[in-house]
Amino acid sequence: MIKHKKPDAFYDTFERKGAGQQTTHYCPGCGHGTVHKMIAEAIDEFGVRDRTIFCSPVGCSVFAYYYFDTGNIQCAHGRAPAVATGMRRVHDDAVIISYQGDGDLAGIGTAEIIHAANRGENITVFFVNNAIYGMTGGQMAPTTLIGQQTLTTPTGRSAATDGNPIGMCELMSALSAPVYVERVSLGDGNRVLKARRAVRKALKNQIDGVGFSFVEILSPCPINWKLTPMDARKWLIENLEPAFPVKSFRDTGTPGAVATARAARDPSGPIPDDEMVRLLGSQSEIETIDRVTGLPEQRVKVAGFGGQGVLSAGILLANCAISEGLHATWLPSYGPEMRGGTANASVIVSEESIGSPLVDEPTTLIALNGPSIDAFEGSVVPGGLIVANSSLIDREPARSDVRYCMIPASKIAQDIGFQGAANVVLLAAYAAIEGFPAIDILRRVIPHALKKKNLVDLNLQMVDAAVEFVAEHPVAAPSAAPLPVR
Ligand SMILES: Cc1ncc(C[n+]2csc(CCOP(=O)(O)OP(=O)(O)O)c2C)c(N)n1
Ligand code: SF4
């Protein structure tokens, strides 16, 4: 006896159609429903519903989140592989599905899928190829066949004006990282059974840590093909399959391969010795480092104009952090001009691995010029620190709930003999005030971090001058109750 049962990975009722409804929004004979069912059954079979994240696309399957009782993210058009990548990086244990149509994956999202595949992300991609833009009423897709009539190719697709259909499995298997690439078809019952096996395998691969799996499913869109559901299946076999051969393109990879590769360079693990050797000069230097513990997360914004060494001050800070065995990110932001435009660098330092490199609410602002303090003063957290270059900034911070140090960095640097190193004066002042990075570390990293070795001594003098200035001008505690952050 054949027993039909709705997979547990589906909700009991599909609320979009009103409580109690059992039907989806798909047209009669559409392949999306079939593919959904295969995926839901595989999720049930592997018992991973609670840890599955379904990244649904723009396209007819945009409402997949009404059907799958899993984690769901509705992604911007074509961007599901990028979202899936983000999920992969933060949820080790999640089973992540990128579900995409041909307009979504092979049109607007070409870049995302190629790069996710090329990185070999341990995700599963289900690519539903119906050779047309279904949701928007049947325009030409990248996979539309030569001669196929669509809304935008009323006389049939022409290679001369529209290019040739893109074989995504062929493209995927030109890359070395994907471990499983297969094209299947929903043309008839036997084909559906084969497709089901491919769907299952692609999910299992991910669960076993094998790597990037890609299954293309040739799928009918009767309404836009202007055929009955039965004729659509026939048309699929007779026309789509010859253009897109149904076969396994690649099936390699070993269970656990992803975990092994990850362990070799675990981003959340300790900073590798070779990184520290690069910054400190030798292995024996590393032994002399007091590893920092208990440091609150430092979110530093260094801002000024291009040419002031804003970005390099950020790199120096990040390098000091790495030398102390800490995690660090550095994110530059600058205009198109090499010199004179505004520039800032966001640096995060933490004992833990860092999720996002963005700094919206800095714990410290290092401002090299007036526009920088105007732009970022309001974003500093209450109790935070502003280190400002008083040579170029003619006002003190307006905030009374932050600590600040007005240091004539440009003048100090000029007096020592190299005005271009005002950035190092400011960074050293920050270090002297916060006790991080250790001044000793800053002094030890400078010779290795600076490309121009003839400037090392001058830069070390900048550090000494800043330390002396801070000792003579201690930073006062904030005087007022915290202001709301702007
Ligand atoms: C940024 C953006 N561009 C265009 C659209 C319009 N749009 C919606 S769905 C779609 C194509 C979907 O086709 P496909 O990915 O093949 O999925 P199907 O609907 O056939 O399942 C387009 C172009 C949109 N919603 N957003
Ligand atoms: S338009 Fe095509 S792809 Fe969209 S639901 Fe209808 S049959 Fe399916």
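The chain is numbered in sequence order, starting from 1. Just so you know, ligand 1 is whichever comes first in the structure, and atom 1 is the first atom listed for that ligand.
Ranking protein heavy atoms by distance to atom 16 (O) of ligand 1, first place goes to G103 N, 2.8 Å. Closest protein heavy atom to atom 25 (N) of ligand 1: V58 CG1, 3.4 Å.
Some N or O of G134 is nearer than 3.5 Å to an N or O of ligand 1, by distance alone. In terms of N/O distances under 3.5 Å, ligand 1 is approached by D104. Ligand 1 has no N or O atom lying under 3.5 Å from any N or O atom of Y133, backbone or side chain. Taking any N or O of G59, backbone or side chain, none lies under 3.5 Å from an N or O belonging to ligand 1.
Heavy-atom proximity to atom 24 (C) of ligand 1, evaluated over Q100, H77, R79, is greatest for H77. Between the choices T136, T143, N130, the shortest heavy-atom distance to atom 7 (N) of ligand 1 belongs to T136.
The number of protein N, O or S atoms lying under 2.8 Å from atom 4 (Fe) of ligand 2 is 1.
Using a 4.0 Å cut-off to heavy atoms of C60, the atoms of ligand 1 that qualify are 18 (P), 19 (O), 21 (O).
By the 6.0 Å contact criterion, CD1 on I223 is open, its count of non-hydrogen atoms from other residues, nucleotides or ligands being 12 or less.
Of all the heavy atoms of H32, the ones lying under 4.0 Å from any atom of ligand 1 belong exclusively to the side chain.
Looking at M172 and F127, their side chains never come closer than 4.5 Å, going by heavy atoms from C-beta outward.
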